[in-house]
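Just so it is clear: chains get the letters A, B, ... in the order the sequence lines come, proteins before strands, and each one is counted from 1.
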4 protein chains.
Amino acid sequence: MTAQRSATPDPARRREASRRAILTAAFDLLQEVGYAKLSIEGIAARAGVGKQTIYRWWPSKGTVIFDAFLMLSEGAAGEPPTLPDTGDLAADLRAVLRATVVEMNDPRYDQPMRALATEIAHDPELAAAYVERLDGPLKEAKRERLRSAQRVGQLAEDLDLDVAVEMIWGPVLNRWLQRTGPLTAEYTDRVVTTALDGLRPRPSGR
Amino acid sequence: MTAQRSATPDPARRREASRRAILTAAFDLLQEVGYAKLSIEGIAARAGVGKQTIYRWWPSKGTVIFDAFLMLSEGAAGEPPTLPDTGDLAADLRAVLRATVVEMNDPRYDQPMRALATEIAHDPELAAAYVERLDGPLKEAKRERLRSAQRVGQLAEDLDLDVAVEMIWGPVLNRWLQRTGPLTAEYTDRVVTTALDGLRPRPSGR
Amino acid sequence: MTAQRSATPDPARRREASRRAILTAAFDLLQEVGYAKLSIEGIAARAGVGKQTIYRWWPSKGTVIFDAFLMLSEGAAGEPPTLPDTGDLAADLRAVLRATVVEMNDPRYDQPMRALATEIAHDPELAAAYVERLDGPLKEAKRERLRSAQRVGQLAEDLDLDVAVEMIWGPVLNRWLQRTGPLTAEYTDRVVTTALDGLRPRPSGR
Amino acid sequence: MTAQRSATPDPARRREASRRAILTAAFDLLQEVGYAKLSIEGIAARAGVGKQTIYRWWPSKGTVIFDAFLMLSEGAAGEPPTLPDTGDLAADLRAVLRATVVEMNDPRYDQPMRALATEIAHDPELAAAYVERLDGPLKEAKRERLRSAQRVGQLAEDLDLDVAVEMIWGPVLNRWLQRTGPLTAEYTDRVVTTALDGLRPRPSGR
DNA sequence: ACGTAACCGAGACGGTACGTCGGGTCTTGAC
DNA sequence: GTCAAGACCCGACGTACCGTCTCGGTTACGT
């Protein structure tokens, strides 16, 4: 349930209220003061908690942020996530990507997500936890949607689903994280179309 | 030539030797101690320079790193970069991406590039400078290679080149920055193939 | 026991070892490098203490110096000081003043005492603490010696003891602090004689 | 005319206007911001002068302050100072001391004089210059007044004039610099009386 | 039911780095 | 060659946090 890596004290005696207060405080501060000014000291103060309680249970600031996201994502739903499946893959992908960029353009989520993304970029162990617990389930849902499309002949049979997923979401993630271009619905639609069709000329129509 | 943003002192009186020493020290330290332990104090000490000289000319640690990259990229060549063009687009892309992941797997470049990438992620103004001065020329070279392929009928005539470029390099960049998967030649080859062909089934053989 | 003036943290949690190390380091450095080169940073380093520990408990460099003197003066004796009383006031005063100028001519004490004196000169609050805790007891001892002489008829009955004390020690202190003349035993003897006799001609002998 | 100690550039080419501007700025700043916040940089800025111009002609901040005083004292009068001589020594001393404490209680003079006094306390060379050029003439005037009183039998014939002067002004100076007591006219009157009469009982009436 | 051992809040501590101020030196261009 | 201007190297300032370390107090087991 957490990102802890090494030996920690008896989890049975852990105070759940403090844990939640810390994660909530961390996420809230991330929104309010931004990543650069986020400090353990600040989190402890906001959570009404001693600093040691944070150091006792988390090895780094990044893991606290990670767990904060974990708490949120699991609080939202106990079940694994799924992508909409109306039978029309292109339409479904367009809808999902549009929703994604709306979130990315919302400063309420933008700041914390950037914080998590850059912590991951600098911490391999955290990245592993991210891949397993946060990104993994979501990516599986994406693959599953593509698999479903494969079954009805909308995607090539021999398609590499991992690469396919990265080809759809990668450009969007990159634009967001590196700010290399505007994130609009028009843009994500183009990404979907181009990914589905490929770069090469198509022999027949469509 | 630099990432400065607001009013700065008279650049005519600036000492060029100090500027170069600072940027070199910054890049070297980035490789040696890593981003997390990179400090203005450390850069100044290594460069044999007063801290004030750094604060006088750069508004943030990120802009120093950025300028360090700028100095390197401009020191390497005065002309804009170009991608190889053998006439075989797929082969050329495979070669370029393979070279890219080799660099990404080299800790000598990995650390500093991550530092730049995450600084950009947190600083919109720096991102704008990055897009204009570092990423821009490179991206133009990529577009140009695709344009060349378009001319010889290897790519669709109505292809959106920006999206196309992002679809090829985006997945690789993401895997690298977020560590969501291994960066191998085999992987980049698959990316090239999948991007060129698209996700949908192709009517006839390839 | 200290020169603190405004609200400070819980003194119960204060580490006595650090307090002593700081005051000792301050006094030692005062002797070694002199007042002009005395820095909080230097004191902290010498004491093996974080700077914040000094800033936490003392509002200024002057109060640190003051407390260093306080520690020394209280370490020397728990009881209030007394002046020698052989029954011969003139002789006693001569002896005391001679001892005083010996100390003033000893660089071991000269430097730190000058530091304290000039800090006091620029800081009224510190001066008040000085008057109450360091100078006060000593001055009372001086007054007491004069009172004793008064009782045996060696001093005028209506003598203003405060002024009398200042008239004996003031000239010496001034010569020392302002370096307006040499500090010799011969000089202090003259001061004692002149003060006792006054400036006016004496009607009868002596 | 100045407190310079070591070799300096050709004084013939010196710009008098800058010299005066610096000394005036120094004195004014001393009054306005106080000794602790007085900086060479501040003086240069206020005087509209380059820092180098100060460093070229004065070896230390103290000597600047000293010269500022020198300029003022010589601007006031070209002739050596004299003390009033009405024939009544006690009355004259009372008047002079009263005027002195009025000045000492005036913050307009208090701050700069403290600055000078403490600079002198820490700089023997400066002290020598002070004794020779500022304190010397004044002390001679004081001695002269006492000599005059001696001539008319108001003071002992064998009186040590140096000690006598210090016994009258020393207590006042000390009270001022160390803030060991209030500086009132009543106090200075007592000092005069006690100094003239001495501490010992007088055989007959006064 | 009652120690006693752990967690907990609080926060002092030794440190590192921050961003700023000013010291004293050096360079530039105007006079 | 002096001067105004100001960049430069350097050292110290006072502050913010780091991660570690006590210090009571309050749980919550294990006997």
Problem - By side-chain contact (heavy atoms from CB on, under 4.5 Å) - contacts of B/Ile54 (at least two apart) - result: B/Ile22, B/Ile40, B/Ile43, B/Ala44, B/Val49, B/Trp58, B/Val64
Output one line per pair: protein atom, nucleotide atom from nucleotides 26-31 of chain F, and distance, for all N/O pairs under 3.5 Å.
from   : atom 1 : to      : atom 2 : distance (Å)
F/dT27 : O2     : A/Arg13 : NH2    : 3.4

Problem - Contact list for DNA chain E against residues 28-42 of chain C - heavy-atom distance below 4.0 Å - result: none
Problem - Residues forming a side-chain contact (heavy atoms from CB on, under 4.5 Å) with B/Leu116, sequence neighbours excluded - result: B/Ile65, B/Phe66, B/Phe69, B/Ile120, B/Tyr130, B/Leu134
Handout entry: Atom-pair distance (CD1 on A/Ile22; C1' on E/dA10), nearest Å
Key = 14 Å
Practice task
Send over the distance from D/Ile54 CD1 to F/dG6 P, rounded to a whole Å.
Solution key: 15 Å
Exercise for the section: Rounded off to whole Å, could you give me the OH-to-P distance for the D/Tyr55 and E/dG22 pair? Expected result: 11 Å
Exercise for the section: Look at C/Trp57 and E/dA12 and indicate whether a side-chain polar atom (N or O) is within less than 4.0 Å of OP1 or OP2. Expected result: no
Problem - Pairwise distance CZ(D/Arg14) to CD(D/Glu16) - rounded to 0.5 angstrom - result: 7.5 Å
Exercise for the section: Please check the phosphate of F/dC9 (OP1 and OP2 only) for any side-chain N or O of B/Ser18 closer than 4.0 Å. Expected result: yes
Problem - Rounded interatomic separation in angstrom, taking CZ from B/Arg56 and C1' from E/dC21 - result: 12 Å
Handout entry: Presence of donor-acceptor pair under 3.5 Å, side chain of C/Lys51 and base of F/dG14
Key = yes
Handout entry: Atom pair distance, as rounded to whole Å: CH2 in D/Trp58 and C1' in E/dG24
Key = 16 Å
Exercise for the section: Return the minimal non-hydrogen interatomic distance between B/Lys61 and B/Leu38, and the atom names on each side. Expected result: NZ-O, 3.0 Å
Handout entry: Non-neighbouring partners of C/Arg179 that pass side-chain hydrogen bond (donor to acceptor under 3.5 Å, both in side chains), sequence neighbours left out
Key = none
Problem - Residue closer to the 5' end of DNA chain F, A/Lys61 versus B/Asp10 (nearest nucleotide) - result: B/Asp10
Practice task
Examine E/dG14: is either OP1 or OP2 under 4.0 Å from a nitrogen or oxygen in the side chain of C/Thr53? Give yes or no.
Solution key: yes
Exercise for the section: Specify the separation, in whole Å, of atom CZ of B/Arg14 and atom P of E/dT27. Expected result: 19 Å
Exercise for the section: Enumerate the residues from residues 111-121 of chain C whose closest heavy atom to DNA chain F is under 4.0 Å, giving them by residue number; use none for an empty result. Expected result: none
Exercise for the section: Look only at the side chain of A/Arg114 and the backbone of B/Ala121, and say whether a donor-acceptor pair between them is shorter than 3.5 Å. Expected result: yes
Would you mind writing out the side-chain donor-acceptor pairs for residues 23-36 of chain C within the sub-3.5 Å range, not counting sequence neighbours?
from    : atom 1 : to       : atom 2 : distance (Å)
C/Thr24 : OG1    : C/Arg20  : O      : 2.8
C/Glu32 : OE1    : C/Arg46  : NH2    : 2.5
C/Glu32 : OE2    : C/Arg46  : NH2    : 3.1
C/Tyr35 : OH     : C/Glu119 : OE2    : 2.4

Exercise for the section: Could I get the full list of salt bridge (charged side-chain N to carboxylate O under 4.0 Å, His left out) partners for C/Lys51, not counting sequence neighbours? Expected result: C/Glu41
Problem - Results of side-chain contact (heavy atoms from CB on, under 4.5 Å) for D/Arg15 - residues two or more places apart only - result: D/Ala17, D/Ser18
Exercise for the section: Answer yes or no: is there a donor N or O on one side and an acceptor on the other, between the side chain of A/Asp67 and the main chain of A/Leu70, under 3.5 Å? Expected result: no
Practice task
Find the distance between OG (C/Ser60) and CD (C/Glu125) and round it off to the nearest 0.5 Å.
Solution key: 9.0 Å
Fill in the blank from the handout: CZ of D/Arg19 to CH2 of D/Trp57, rounded to nearest 0.5 Å, is 11.0 Å
Exercise for the section: Find which nucleotide of DNA chain E each of B/Gln52 and C/Ala44 is nearest to by heavy atoms, and output the residue with the more 5' nucleotide. Expected result: C/Ala44
